[in-house]
Amino acid sequence: MAKALVTGASSGIGLELAKILAKNGYDLLLCARSEAKLKKIAQNLKNQHGVKVDVISMDLSVSGAAKALYQAVTDKFDQIDILINNAGFGLNGSFGDLALEKWQEMMHLNMVTLTELSYYFANDMRARNCNGRIMNISSVAAFQSCPWFAVYGATKSFVLSFSEALRYELAPHGISVTAICPGATATPFHQIANSENIALNFRFDKVEDVAQTAYDAMMARKGTIITGVMNKPLPLLVRLAPRALVASIAERLAKPDVMRNIKARHN
Ligand SMILES: NC(=O)c1ccc[n+]([C@@H]2O[C@H](COP(=O)([O-])OP(=O)(O)OC[C@H]3O[C@@H](n4cnc5c(N)ncnc54)[C@H](OP(=O)(O)O)[C@@H]3O)[C@@H](O)[C@H]2O)c1
């Protein structure tokens, strides 16, 4: 039975991807920090779909985490056919006013762990000639600079650039790399990022739709996919407009609490 590893599977897009994979008969290895949540999800998926589901609770934002996860995975499973690098978080706010440790944690989780997991598992897939699949979750934030999301946006640009390059390097080995760029999606992400009320988030895509689009793209071995019809023109618009103009519009849209201020004025 084919096996998939999903990081950040305890909520949001990762959880929905785990549900879709289970429905399609994949055995799963789910990773996040919240052990109790993961165990409950695993039990439900096993009961509903009769697949094997193991969980590994781990903080992936610290040095050495990817290696420890890879070790734990290879101890439990002889092979992973699908790697989904989904775990990540963002923070909306002033770069200088938020703790440096938070930015370091974010860079490690969103970029370093994702890169290291890709390294370990892509090399395994190559050695086994298994025609594996890697899905990396980037964001529409990857296409331009993102004032008030400066570090987060840069981490997602890294994920997009890395994934698009790796796709070409791994293609001769039969391994596909799919980069998913969601727009604002209804998950706990925005509560954690403190970005629920910014102007940019005037509408949210359904997480089930985003996950299904991502899964279909990965199965079809597509390259870069932007989820949500409304988000699709973004890269082209951004490419045509002057970079400074794009950055100034992004700045206004992501300014902390703009929506809250507008709502307050109208009440
Ligand atoms: N929602 C959006 O609008 C949106 C848009 C574009 C891109 N994305 C990207 O989509 C991905 C999934 O986000 P989401 O929207 O589904 O948010 P979410 O519901 O907050 O899910 C994030 C997942 O990552 C896990 N995680 C966070 N920190 C971790 C850590 N230190 N170690 C291990 N796991 C950790 C969380 O589990 P625990 O807390 O249990 O560890 C959770 O399972 C992220 O990469 C995000 O950047 C989201």
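Heads up: numbering here begins at 1 and tracks the sequence.
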Peer 1: Would you say Met135 ends up clustered with Leu117 if hydrophobic residues are merged whenever their side chains have heavy atoms under 4.5 Å apart, either directly or through other cluster members?
Peer 2: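 No.
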Peer 1: Is Thr185 reaching over with its side chain to a backbone N or O of Gly183, donor-acceptor style, under 3.5 angstrom?
Peer 2: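 Between the backbone of Gly183 and the side chain of Thr185 there is a qualifying donor-acceptor contact (under 3.5 Å).
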Peer 1: Restricting to non-hydrogen atoms, name the atom on Met58 and the atom on Ala65 that form the minimum distance, rounded to 0.1 Å.
Peer 2: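 The answer is SD-O, 3.6 Å.
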Peer 1: To check you understand the geometry: which heavy-atom pair defines the closest contact between Ala42 and Val55, and what is its length?
Peer 2: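 Scanning both residues completely, I find the closest heavy atoms to be CB-CG1, 3.7 Å.
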Peer 1: If you define the side chain from C-beta out and look only at heavy atoms, does anything of Ile249 sit under 4.5 Å from Arg252?
Peer 2: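 With C-beta onward as the side chain, the pair stays apart.
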Peer 1: Same cluster or not: Leu29 versus Leu15, using hydrophobic residues (I, L, V, M, F, W, Y) connected whenever any side-chain heavy atoms lie under 4.5 Å apart?
Peer 2: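 Leu29 and Leu15: separate clusters.
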Peer 1: Hey, quick one: are Leu234 and Leu200 part of the same hydrophobic cluster, counting side-chain heavy atoms closer than 4.5 Å, chains of contacts allowed?
Peer 2: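 No, Leu234 does not connect to Leu200 through the hydrophobic network.
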Peer 1: Answer yes or no: is there a donor N or O on one side and an acceptor on the other, between the side chain of Asn24 and the main chain of Ile20, under 3.5 Å?
Peer 2: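 Yes; at least one donor-acceptor contact below 3.5 Å.
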Peer 1: With a 3.5 Å distance limit and no angle check, can you tell me whether Ser157 reaches the backbone of Gly153 through a side-chain donor-acceptor pair?
Peer 2: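 Yes, Ser157 side chain to Gly153 backbone: donor-acceptor pair under 3.5 Å.
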Peer 1: For Met219, does its backbone N or O pair with a side-chain atom of Arg133 as donor and acceptor, under 3.5 Å?
Peer 2: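 Between the backbone of Met219 and the side chain of Arg133 there is a qualifying donor-acceptor contact (under 3.5 Å).
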Peer 1: If the plane angle is over 60° it's perpendicular, under 30° parallel, otherwise tilted; pick one for Phe158 and Phe162.
Peer 2: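 Taking Phe162 first and then Phe158, their aromatic rings lie parallel (interplane angle under 30°).
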Peer 1: Can a donor-acceptor pair be found, under 3.5 Å and without considering hydrogens, that links the side chain of Ser57 to the backbone of Ser34?
Peer 2: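 No; zero donor-acceptor contacts below 3.5 Å.
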Peer 1: To the nearest 0.5 Å, tell me how far Asn86 CG sits from Leu5 CG.
Peer 2: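 Answer rounded to 0.5 Å: 10.5 Å.
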Peer 1: From Ile82 CD1 over to Ile134 CD1, what is the distance, rounded to the nearest 0.5 angstrom?
Peer 2: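 Rounded to the nearest 0.5 Å, the CD1-CD1 separation comes out at 11.0 Å.
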Peer 1: Distance from Lys23 atom NZ to His49 atom NE2, nearest 0.5 Å?
Peer 2: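 Reported to 0.5 Å precision, the distance equals 7.5 Å.
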Peer 1: Shortest non-hydrogen contact from Ser195 to Phe149?
Peer 2: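 Where Ser195 meets Phe149 most closely, the heavy atoms are CB-CZ, 3.6 Å.
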Peer 1: Between Glu16 and Lys19, does at least one N-O distance fall below 4.0 Å, as a salt bridge requires?
Peer 2: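 Result for this pair is yes, salt bridge flagged.
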Peer 1: Is there a donor-acceptor contact under 3.5 Å linking the side chains of Tyr152 and Asn92?
Peer 2: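 Short answer, no.
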Peer 1: Would you indicate whether Lys206, at its atom NZ, is surrounded by more than 12 heavy atoms from other residues, nucleotides or ligands within a distance under 6.0 Å?
Peer 2: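 Atom NZ in Lys206 is not crowded, with 12 or fewer foreign heavy atoms closer than 6.0 Å.
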Peer 1: Find the distance between NZ (Lys52) and CE (Met1) and round it off to the nearest 0.5 Å.
Peer 2: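 Between Lys52 NZ and Met1 CE, I get 8.5 Å after rounding to 0.5 Å.
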Peer 1: Quick check: closest heavy atoms across Cys31 and Leu60, and the distance to 0.1 Å?
Peer 2: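 Reported closest heavy-atom pair: SG-CD1, 3.9 Å.
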Peer 1: Write down the atom of Val246, the atom of Ala241, and the distance for their closest heavy-atom approach.
Peer 2: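 So the minimum-distance heavy-atom pair works out to CG2-CB, 3.7 Å.
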Peer 1: Could you check whether any side-chain N or O of Arg243 sits under 3.5 Å from a backbone N or O of Ser145, counting only pairs where one atom can act as donor and the other as acceptor?
Peer 2: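 Between the backbone of Ser145 and the side chain of Arg243 there is no qualifying donor-acceptor contact (under 3.5 Å).
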Peer 1: Go through the structure and list residues passing ring pair (Phe, Tyr, Trp, His ring centres under 6.0 Å) with Phe89, not counting sequence neighbours.
Peer 2: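 Ring pair (Phe, Tyr, Trp, His ring centres under 6.0 Å) check on Phe89 returns nothing, list empty.
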Peer 1: Would you mind reporting whether Gln43 and Lys39 have side-chain heavy atoms less than 4.5 Å apart?
Peer 2: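 No, side chains not in contact.
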Peer 1: For Met111, is there any backbone N or O sitting under 3.5 Å from a side-chain donor or acceptor partner on Thr155?
Peer 2: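 Here the side-chain-to-backbone pair does not exist.
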Peer 1: Let's go through Val6 and Leu21 carefully: what are the C-alpha distance in whole Å and the side-chain angles of both, what is the deciding distance for side-chain contact (heavy atoms from CB on, under 4.5 Å) to 0.1 Å, and is it a yes or a no?
Peer 2: CA-CA 10 Å; Val6 184; Leu21 286 158; 3.7 Å; yes
Peer 1: Taking C-beta and beyond as the side chain, do Leu83 and Met125 meet within less than 4.5 Å on heavy atoms?
Peer 2: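 They are in side-chain contact.
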Peer 1: Do Arg33 and Ser10 pass the side-chain contact (heavy atoms from CB on, under 4.5 Å) test, and can you show the C-alpha distance, the side-chain angles, and the key distance before you say yes or no?
Peer 2: CA-CA 8 Å; Arg33 290 165 302 179; Ser10 64; over 6 Å; no
Peer 1: Working to the nearest 0.5 angstrom, can you tell me the gap between Glu35 CD and Ile56 CD1?
Peer 2: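 One gets 10.5 Å once the value is rounded to the nearest 0.5 Å.
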Peer 1: Using the side-chain contact (heavy atoms from CB on, under 4.5 Å) rule, take Ser139 and Cys181 through it: C-alpha gap first, then chi angles, then the decisive distance, then the call.
Peer 2: CA-CA 4 Å; Ser139 165; Cys181 300; 5.7 Å; no
Peer 1: Considering residues, nucleotides and ligands other than Lys222, do more than 12 of their heavy atoms fall under 6.0 Å from its NZ?
Peer 2: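 No, the 6.0 Å shell around NZ holds no more than 12 heavy atoms from other groups.
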Peer 1: For the pair Glu196 (side chain) and Ile192 (backbone), establish whether a donor and an acceptor sit closer than 3.5 Å, ignoring hydrogens and angles.
Peer 2: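 Such a contact is absent between Glu196 side chain and Ile192 backbone.
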Peer 1: For His108 and Ser61, does a side-chain donor sit closer than 3.5 Å to a side-chain acceptor?
Peer 2: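 There is no such pair (donor and acceptor under 3.5 Å, judged by atom type) between the side chains of His108 and Ser61.
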Peer 1: Could you state the interatomic distance from CG (Asp59) to OG1 (Thr113), rounded to the nearest 0.5 Å?
Peer 2: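 Reported value, rounded in 0.5 Å steps: 8.5 Å.
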Peer 1: What orientation do Tyr26 and Tyr215 show, parallel under 30°, tilted 30 to 60°, or perpendicular over 60°?
Peer 2: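 Perpendicular, since the angle between the ring planes exceeds 60°.
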Peer 1: Whether the side chain of Arg128 engages the backbone of Ile80 through a donor-acceptor N/O pair (distance < 3.5 Å, no angle test) should be reported.
Peer 2: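 Indeed, once roles are kept as given, a pair shorter than 3.5 Å links the two residues.
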Peer 1: Would you say the side chain of Phe95 lies within less than 4.5 Å of the side chain of Trp148, judging by non-hydrogen atoms?
Peer 2: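 In short, these two side chains do not touch, never coming nearer than 4.5 Å.
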Peer 1: Is Leu91 close to Val151 at the side-chain level, that is, under 4.5 Å between some pair of heavy atoms?
Peer 2: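 No. Closest side-chain heavy atoms not under 4.5 Å.
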Peer 1: Under 3.5 Å, is there a donor-acceptor pair between the side chain of Lys156 and the main chain of Ile137?
Peer 2: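 Confirmed, Lys156 side chain pairs with Ile137 backbone.
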Peer 1: Have Asn131 and Asp81 got a donor and an acceptor in their side chains that come within less than 3.5 Å?
Peer 2: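 There is no such pair (donor and acceptor under 3.5 Å, judged by atom type) between the side chains of Asn131 and Asp81.
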Peer 1: Would you kindly say whether Asn136 and Asn85 are connected by a side-chain donor-acceptor distance under 3.5 Å?
Peer 2: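 There is such a pair between these side chains.
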Peer 1: Are Leu114 and Val159 side-chain neighbours, meaning at least one heavy-atom pair lies under 4.5 Å?
Peer 2: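 The answer is yes, as the side chains (C-beta and beyond) meet within the 4.5 Å cut-off.
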Peer 1: Taking atom types as modelled, find out whether Gln48 and Asn44 have a side-chain donor-acceptor pair closer than 3.5 angstrom.
Peer 2: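 Per modelled atom types, Gln48 and Asn44 side chains form no pair under 3.5 Å.
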Peer 1: Is there a path of hydrophobic side-chain contacts, each under 4.5 Å between heavy atoms, that joins Tyr119 and Met107?
Peer 2: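 Yes.
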Peer 1: Going by heavy atoms in the side chains, are Leu166 and Ser118 under 4.5 Å from each other?
Peer 2: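 Yes, their side chains come closer than 4.5 Å.
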Peer 1: What verdict does the side-chain contact (heavy atoms from CB on, under 4.5 Å) test give for Ile226 and Phe143, after you've listed the backbone C-alpha separation in whole Å, the side-chain angles of each residue and the deciding distance to 0.1 Å?
Peer 2: CA-CA 11 Å; Ile226 297 159; Phe143 295 102; 4.0 Å; yes
Peer 1: Would Leu69 and Val62 show up in the same hydrophobic cluster when neighbours are defined by side-chain heavy atoms closer than 4.5 Å?
Peer 2: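 They do not share one cluster, since no chain of ILVMFWY contacts under 4.5 Å joins Leu69 to Val62.
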Peer 1: When you compare the side chain of Asn201 with that of Leu253, does any pair of heavy atoms fall below 4.5 Å?
Peer 2: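 A side-chain contact is absent here, since even the closest heavy-atom pair is not under 4.5 Å.
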Peer 1: Which of these passes side-chain contact (heavy atoms from CB on, under 4.5 Å) with Ile13: Thr227, Ile84, Val207?
Peer 2: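 Only one of Thr227, Ile84, Val207 forms a side-chain contact (heavy atoms from CB on, under 4.5 Å) with Ile13, namely Val207.
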Peer 1: Please give me the minimum heavy-atom distance between Ala9 and Ile41, naming the atom from each residue.
Peer 2: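 So the minimum-distance heavy-atom pair works out to O-CD1, 3.6 Å.
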